[in-house]
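The block underneath contains the structure these notes are about, expressed in structure tokens.
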Number of protein chains: 2
Amino acid sequence: MNIKEIIKKNNLSLLFQEGSFGIEKESQRVYKDGSIVTTPHPHKFGNRSYHPYIQTDFAESQLELITPPNNKIEDTYRWLSAIHEVVQRIIPEDEYIFPLSMPAGLPPEELIKVAQLDDLQDVAYREHLVKAYGKNKQMVSGIHYNFQLSPIFIEKLYQAQSNSQSFVEFQNNLYLKMATNFLRYQWILLYLLSATPTVEDKYFKDGSPLKKGDYVRSLRSSKYGYVNDPEIKVSFDSLQEYVETLEHWVNSGKLIAEKEFYSNVRLRGAKKVRDLLTTGIKYLEFRLFDLNPFEIYGISLNDAKFIHYFALLMIWMDKAENAIEVGQERLAQVAWEHPLDETAFRDEGEQILHQLLAMLEEINAPSELKDIVQQKLLAFADPRKTLCGRLVEEIEALGSYQKLGAHFAQKYKQQSLSRFYALSAFDNMELSTQALFFDAIKAGLNVELLDENDQFLSLKFNDHLEYVKNGNMTSHDSYISPLIMENKVVTKKVLQKAGFNVPQSIEFTSVDEAIRQYPLFENRAIVIKPKSTNYGLGITIFQQGVKNQEDFTQAVEIAFREDREIMVEDYLTGTEYRFFVLGDKTEAVLLRVPANVVGDGIHTVAELVNSKNSDPLRGDGSRTPLKKIALGEIEALQLKEQGLTFESILAKDQLVQLRANSNVSTGGDSIDMTDEMHPSYKELAVGIAKAMGAAVCGVDIIIPDLTKPATKELSSWGVIEANFNPMMMMHIFPYQGKSRRLTQNVLKMLFPELEINA
Amino acid sequence: MNIKEIIKKNNLSLLFQEGSFGIEKESQRVYKDGSIVTTPHPHKFGNRSYHPYIQTDFAESQLELITPPNNKIEDTYRWLSAIHEVVQRIIPEDEYIFPLSMPAGLPPEELIKVAQLDDLQDVAYREHLVKAYGKNKQMVSGIHYNFQLSPIFIEKLYQAQSNSQSFVEFQNNLYLKMATNFLRYQWILLYLLSATPTVEDKYFKDGSPLKKGDYVRSLRSSKYGYVNDPEIKVSFDSLQEYVETLEHWVNSGKLIAEKEFYSNVRLRGAKKVRDLLTTGIKYLEFRLFDLNPFEIYGISLNDAKFIHYFALLMIWMDKAENAIEVGQERLAQVAWEHPLDETAFRDEGEQILHQLLAMLEEINAPSELKDIVQQKLLAFADPRKTLCGRLVEEIEALGSYQKLGAHFAQKYKQQSLSRFYALSAFDNMELSTQALFFDAIKAGLNVELLDENDQFLSLKFNDHLEYVKNGNMTSHDSYISPLIMENKVVTKKVLQKAGFNVPQSIEFTSVDEAIRQYPLFENRAIVIKPKSTNYGLGITIFQQGVKNQEDFTQAVEIAFREDREIMVEDYLTGTEYRFFVLGDKTEAVLLRVPANVVGDGIHTVAELVNSKNSDPLRGDGSRTPLKKIALGEIEALQLKEQGLTFESILAKDQLVQLRANSNVSTGGDSIDMTDEMHPSYKELAVGIAKAMGAAVCGVDIIIPDLTKPATKELSSWGVIEANFNPMMMMHIFPYQGKSRRLTQNVLKMLFPELEINA
């Protein structure tokens with residue numbers, strides 16, 4: 001079978017480039033100086049017995065971050081980013097993630113604690129590794145790259161060839177070819193991407209093999225790294241032979257388990273290798289890669305793409321002879337070369353990359369891939385352009401690899417904390433959905449992004465599946481409740497029926513009809529507003545009572561510009577608070593204050609605004625929890641009414657409002673008042689949500705005095721509105737007061753059976 | 001206290017005219033000839049122990065229809081209409097509603113069955129009435145008019161006057177004044193609105209007091225009607241006296257119960273009159289009115305308005321002297337006048353109506369009221385203009401009052417059946433909501449129309465409250481399910497996850513991106529469509545597989561005109577059926593067929609279309625279940641492709657489609673297939689609805705052969721779409737096949753505890 005020809009003839013080039021990608025990344029938690037921590041795996045990450053994203057590898061200190069598989073490598077990379085940001089923000093303040101594969105500042109062996117997993121067999125396995133390899137060697141970290149070809153591609157390929165083997169055999173052989181050739185040419189990836197040139201002396205049981213100031217390309221892939229006894233040889237000639245030779249080593253006791261076989265390629269698809277014979281090989285795991293300290297997530301996106309096409313080349317090209325032996329030899333040799341020396345196999349390396357370029361051409365791959373490969377070619381001519389070459393130069397400049405590690409560890413942590421309210425790679429989604437996604441990753445729920453533009457996620461724990469939209473719309477709400485809340489008139493009738501205070505109102509469908517009823521409103525404090533718009537448009541408030549029919553008529557006409565139906569509603573005096581109700585509890589109470597600045601006797605209004613706007617919470621209001629205060633017409637007008645301009649210097653402690661409305665979306669401040677609010681109002685809000693059948697609900701209540709209990713008299717309080725899509729971000733990241741992590745409450749509501757640690 | 005002055009000075013004229021109105025109407029069920037039926041109260045109306053709208057009065061044959069109170073008399077009238085339409089369509093085909101107060105075709109007394117109510121005391125009371133008055137007299141029917149002044153009006157009036165009485169006393173006295181003056185001047189209403197000039201001889205125990213061909217104004221208000229022994233006198237001077245005198249007659253055994261006091265005004269507000277002393281009088285019940293046979297609902301809207309303002313006049317004017325006695329005398333005298341004679345009290349009548357006109361002027365009442373009163377004034381000059389005058393002339397013309405009654409009974413029934421799918425007075429709402437409303441009235445649920453424009457109802461049975469929008473959106477659906485269904489991509493992912501067959505698809509956000517992937521689609525049967533539009537816009541189908549990139553590109557560009565995101569989806573061959581799922585069951589299956597006609601060898605296409613369009617089910621498609629087939633450009637084009645025009649004469653049985661699409665909204669036919677569909681598909685549809693958490697759901701499934709079971713292979717069937725607002729009307733009133741009363745299923749789902757009889 002000539003794969004190239006079949007792909008070309010059958011128009012399969014596109015499908016050939018499709019696949020599924022997963023990344024696993026180990027790394028040590030360290031202190032500021034880069035030395036490994038002795039603290040346990042943070043309990044905030046929940047339970048490791050099921051956590052899909054955040055695990056420990058060998059030791060308690062050794063994080064293993066796992067992305068789910070994605071059909072686009074870019075998405076896998078976004079997941080890697082998200083998981084990192086969760087981890088960076090959740091580990092203790094004085095802990096960091098070490099960006100290098102070789103451990104630094106190793107604690108005395110007795111302080112290295114193997115991962116305390118629930119499954120005692122897992123712990124026993126680790127204890128065996130300690131005996132076989134020593135603890136230090138087990139502290140080495142790396143990246144595993146899982147790759148699956150598109151099943152549709154394999155199917156089409158199978159249909160297009162004429163061999164008589166079964167589909168599963170065909171697929172197995174395809175993956176075996178990829179695995180074999182990979183093992184043969186993996187030294188090329190090592191040359192380009194290795195990053196373990198040195199380690200501290202105490203890492204070695206019997207003294208360092210490296211002279212002071214000496215470096216190699218990859219300690220991790222050398223005999224001092226995480227490798228099996230050279231005696232362990234496993235055949236990749238056929239799946240049958242693979243299974244039998246591997247089982248032989250386990251049965252003979254040379255390996256305690258199949259997973260102790262540290263090949264740089266693992267055949268995946270079943271828990272036990274023998275099962276592969278029936279299930280077939282589903283994908284490959286490439287385990288060669290050192291952490292790249294220059295990359296915040298340990299690997300660059302370009303390198304991830306490069307590895308993908310390198311793997312494709314491994315089936316595009318013919319199957320190499322003597323692949324395993326030759327490959328292993330070359331890998332060992334290249335690993336022990338000096339990073340700044342030319343490699344002994346430069347010719348073969350360049351030749352393979354040229355083959356890769358040719359393949360890219362033939363399958364019409366995206367042009368960026370060609371650029372990436374060209375860059376890699378240059379590194380053969382100049383070893384300083386290899387990752388390890390760069391690294392050695394930087395280590396020399398800083399004095400030690402630990403210092404370099406510590407430097408980047410701090411930098412990356414700071415970077416991950418800068419926009420602490422967002423998940424950078426998913427910033428296309430709303431902040432509330434990002435927060436929920438964050439909490440779900442942390443708690444170990446299986447998340448699937450069903451539609452990012454629509455803020456639609458699915459969450460799964462064991463067999464329990466839930467869908468969430470906009471961070472708070474779930475199966476716990478009844479459909480009728482948002483429909484009630486969408487309609488102000490119905491909302492009122494429902495709340496009134498249930499015995500809650502709502503301002504009295506009358507609806508009108510024509511100006512004349514409203515004017516005819518004017519006598520009913522004379523001297524009453526009223527609000528005239530369109531029935532359905534939400535953004536404050538067309539609203540007139542007669543706080544002191546409407547005095548004459550002309551004013552009334554004008555207000556009615558203004559309201560009718562916005563809607564075909566208007567409401568004339570009693571005006572309630574008091575302060576409006578937003579209650580966030582979830583189930584049986586008011587989880588948060590917020591006061592919204594119009595955009596404002598406070599003087600210091602020195603700065604102008606404009607300067608005070610700019611200073612207030614520099615808060616990282618403030619931005620455009622959609623990618624940030626708060627919005628920058630504008631210096632526009634409306635603000636100028638508002639100042640003018642107070643006899644001020646943007647250039648006025650305010651007296652110390654003088655508070656000036658730049659807006660009449662209190663919306664956060666116009667630069668208003670959000671102030672958490674949950675603890676200050678009288679409990680009677682919190683109960684009221686829960687009752688209001690229940691009356692509408694809502695599990696999650698934002699209730700706006702006008703309250704004369706938040707410290708005094710709610711009484712039944714109509715004048716003392718009133719419900720203004722209920723909102724089925726309340727902005728959780730206002731409560732999670734308020735301008736002042738305590739943060740209320742409401743997204744976590746949503747998860748607890750959806751998954752009461754799950755351990756969620758605050 | 002001068003009420004007029006207070007109203008004027010305090011701007012209360014508008015509030016004075018507000019109030020609450022309820023109508024109760026008795027009438028006999030009769031056969032075609034007007035003779036009273038001997039069948040029991042139809043069990044389809046559910047249980048009389050709680051039914052709020054459809055009760056029996058004295059006998060099983062005597063319906064009592066009760067509207068809920070409304071703040072607008074127009075709304076009360078609409079309810080009266082709706083309840084009538086329900087009754088007309090539910091009573092047996094050979095039964096009618098008799099439009100006159102006096103019974104006709106009375107069965108032998110032993111066949112008149114008193115209402116078989118659950119409460120044995122109620123039955124016992126009726127047996128007592130039989131003894132006291134005989135059965136025939138109890139068969140007389142009438143209209144009771146309940147009226148309450150606006151409580152806010154009474155409050156403002158109370159605040160504006162200086163009397164030292166309590167609010168409840170003040171309110172009692174106001175209603176007592178209205179009651180007293182009403183009793184004094186009720187003869188005027190009798191003169192204008194009475195309609196019981198005669199009755200058959202056997203009605204009278206001791207022979208008719210009327211000579212043959214003789215008439216009176218009101219038998220019902222005469223001593224031969226439903227009146228107490230003249231000895232029974234109850235004082236209206238104060239509430240205390242009222243209570244004491246009424247209790248006296250009950251205690252003395254002259255009345256078996258308080259309700260046996262047949263005053264034309266009843267004080268309402270408590271079950272027992274003594275309780276009125278604490279609760280106060282809440283409203284009045286006027287019981288004077290005969291059924292108006294010229295009106296489909298027994299009373300005209302104008303007369304109902306007239307009665308309202310007449311009642312207002314009763315408090316606007318001064319309290320009359322000797323009101324009860326004088327009133328009773330005049331009533332009896334006028335009742336026994338000949339309907340075509342001038343009344344003895346014409347002067348007083350005209351004077352009171354002039355006072356009414358003056359009041360209308362002073363309170364600035366709507367001008368139509370003045371017109372109504374002017375009309376009534378004319379009737380004093382010409383007795384033929386009274387209702388009874390007209391009636392006598394018509395009876396003479398037809399030969400007997402029973403014939404007249406039978407004539408109108410048949411006419412009104414026919415009228416109520418003509419648009420059997422709608423509730424005429426609520427035709428502003430969607431047909432599905434009208435159908436649900438119909439079923440709720442029938443079953444005896446308390447319905448409140450929260451927002452008619454928004455199709456929002458509340459339904460209540462005992463303490464169990466439910467809200468319904470659009471006839472099928474309820475608390476039983478989880479909020480997340482419509483959100484899932486709204487998004488085609490999410491719908492697919494959810495269904496695929498749950499193991500259902502969905503056509504494979506890929507989404508694109510740019511033309512270039514789609515074109516790049518063209519090789520994936522070449523020669524595949526696909527549908528290219530915008531991601532979110534729903535009306536068939538921008539969709540291209542390559543049923544035979546897409547053959548070249550140009551066609552593909554064009555289709556992609558067309559789809560992008562409708563949305564920023566498009567889908568390329570596998571095309572499934574087979575027929576599309578709509579499954580209506582409710583809870584655990586597929587309640588209906590529908591096939592939609594494109595607009596079509598079938599030839600007869602004689603008529604042209606245009607003629608066949610017109611003939612098909614004359615079906616009462618066809619109309620504009622919103623106020624009718626089906627839509628008329630258009631004769632427009634698209635239809636002409638479709639014919640042209642078949643070599644036809646609108647003028648072509650089709651061969652016998654030749655079926656011609658006028659549309660390519662099968663939507664009912666473009667004149668398509670709906671054909672019920674519930675019984676024909678293989679049960680395996682019905683189960684599938686239930687599973688699909690469940691996977692999305694929907695209680696009510698329309699599922700569109702493509703099926704190759706509806707008689708063969710669904711199998712798991714992808715090619716055999718596929719889910720196209722799920723709809724959370726499925727058009728129930730298609731199933732309730734299909735073009736062909738059995739009607740499926742889905743609104744009744746919705747009610748059963750919401751109120752499993754309620755007796756709902758099909």
Side-chain angles (χ1 to χ4, degrees), chain A residues 10-15 18 152 364 366 448 450-451 453-458 460 465-470 473-484 486-494 497-498 504 507 509 516-520 522-523 531-532 564-565 691-696 724, chain B residues 10-15 18 152 364 366 448 450-451 453-458 460 465-470 473-484 486-494 497-498 504 507 509 516-520 522-523 531-532 564-565 691-696 724:
Chain A
N10 294 278
N11 240 331
L12 300 178
S13 308
L14 259 170
L15 277 175
E18 296 201 347
I152 299 173
N364 193 23
E448 194 170 332
L450 298 178
D451 191 333
N453 295 331
D454 209 19
Q455 325 293 327
F456 226 122
L457 311 185
S458 77
K460 201 173 176 186
L465 180 66
E466 294 279 353
Y467 299 100
V468 185
K469 184 168 148 57
N470 291 15
M473 299 170 175
T474 71
S475 65
H476 284 241
D477 276 306
S478 125
Y479 182 25
I480 204 72
S481 60
L483 295 175
I484 291 172
E486 235 165 35
N487 184 316
K488 287 182 195 168
V489 174
V490 173
T491 299
K492 271 191 179 197
K493 288 189 181 168
V494 167
K497 246 182 226 295
Q504 298 295 309
E507 296 97 55
T509 52
R516 229 181 82 77
Q517 306 279 327
Y518 168 70
L520 295 183
E522 198 168 75
N523 290 319
K531 186 174 149 194
S532 56
R564 286 179 309 170
E565 205 163 342
M692 289 181 295
V696 175
F724 59 91
Chain B
N10 293 279
N11 240 331
L12 299 177
S13 308
L14 260 170
L15 277 175
E18 297 202 345
I152 299 171
N364 193 23
E448 195 170 332
L450 298 177
D451 191 332
N453 295 331
D454 209 19
Q455 324 293 328
F456 226 122
L457 311 186
S458 76
K460 201 172 174 185
L465 180 66
E466 294 280 352
Y467 299 100
V468 185
K469 186 170 145 56
N470 292 14
M473 300 170 174
T474 70
S475 65
H476 284 241
D477 276 306
S478 124
Y479 182 25
I480 203 72
S481 60
L483 296 173
I484 290 171
E486 235 166 36
N487 185 315
K488 288 181 194 168
V489 174
V490 173
T491 299
K492 273 190 178 200
K493 288 189 179 167
V494 167
K497 247 184 225 295
Q504 297 296 309
E507 295 98 55
T509 51
R516 228 181 82 79
Q517 306 278 326
Y518 167 71
L520 295 183
E522 198 168 74
N523 290 319
K531 187 173 149 194
S532 57
R564 286 179 309 170
E565 204 162 341
M692 289 181 295
V696 176
F724 59 92

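Note on naming: letters A, B, ... go to the chains in the order of the sequence lines (proteins, then strands), and numbering restarts at 1 for each one.
Between chain A and the residues B/L483, B/N11, B/N364, the largest count of heavy-atom pairs under 4.5 Å involves B/L483. When each of B/V468, B/I152, B/L450, B/L465 is scored by its heavy-atom pairs under 4.5 Å with chain A, the top score falls to B/L450. Between chain B and the options A/S478, A/P519, A/A695, the largest number of non-hydrogen pairs under 4.5 Å is found for A/S478. Most heavy-atom pairs under 4.5 Å with chain A: of the set B/G693, B/P482, B/A694, this distinction falls to B/P482.
Only the backbone of B/T474 comes within contact range of chain A, with at least one heavy atom under 4.5 Å from a heavy atom of that chain. Neither the backbone nor the side chain of A/E507 comes within contact range of chain B; no heavy atom of the residue lies under 4.5 Å from a heavy atom of that chain. Only the side chain of A/N453 comes within contact range of chain B, with at least one heavy atom under 4.5 Å from a heavy atom of that chain. For a residue to count as touching a neighbouring chain, one of its non-hydrogen atoms must lie under 4.5 Å from one of that chain's; by this rule B/K497 touches chain A with the side chain only. Looking at A/E466, there are no atoms closer than 4.5 Å to chain B (heavy atoms on both sides), in backbone or side chain. Looking at B/Q517, the atoms closer than 4.5 Å to chain A (heavy atoms on both sides) sit in the backbone and in the side chain alike. With a 4.5 Å cut-off on non-hydrogen atoms, A/L12 does not touch chain B at all. In this structure, no portion of A/S481 lies under 4.5 Å from any heavy atom of chain B. For chain A, the nearby parts of B/I484 are the backbone and the side chain; heavy atoms of each come within less than 4.5 Å. The parts of A/V494 that come within reach of chain B are both its backbone and its side chain, each placing non-hydrogen atoms under 4.5 angstrom from that chain. At a 4.5 Å heavy-atom cutoff, B/S13 makes no contact with chain A through either its backbone or its side chain. Heavy-atom distances place the side chain of A/E18, and not its backbone, under 4.5 Å from chain B. Of the two parts of A/F456, only the side chain, counted from C-beta on, holds a non-hydrogen atom closer than 4.5 Å to a non-hydrogen atom of chain B.
A/Y479 and B/Y479 have parallel rings, their planes meeting at less than 30° on a 0 to 90° scale where 60° marks the start of perpendicular.
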Before you tell me yes or no, could you show the steps for A/K531 and B/D451 under salt bridge (charged side-chain N to carboxylate O under 4.0 Å, His left out), namely the whole-Å CA-CA distance, both residues' side-chain angles and the distance that decides it to 0.1 Å? CA-CA 12 Å; A/K531 186 174 149 194; B/D451 191 332; 2.8 Å; yes

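In this structure, the side chains of B/L15 and A/L520 come closer than 4.5 Å at one or more pairs of heavy atoms.
Using a 4.0 Å cut-off between charged side-chain N and carboxylate O, A/K493 and B/E448 make no salt bridge.
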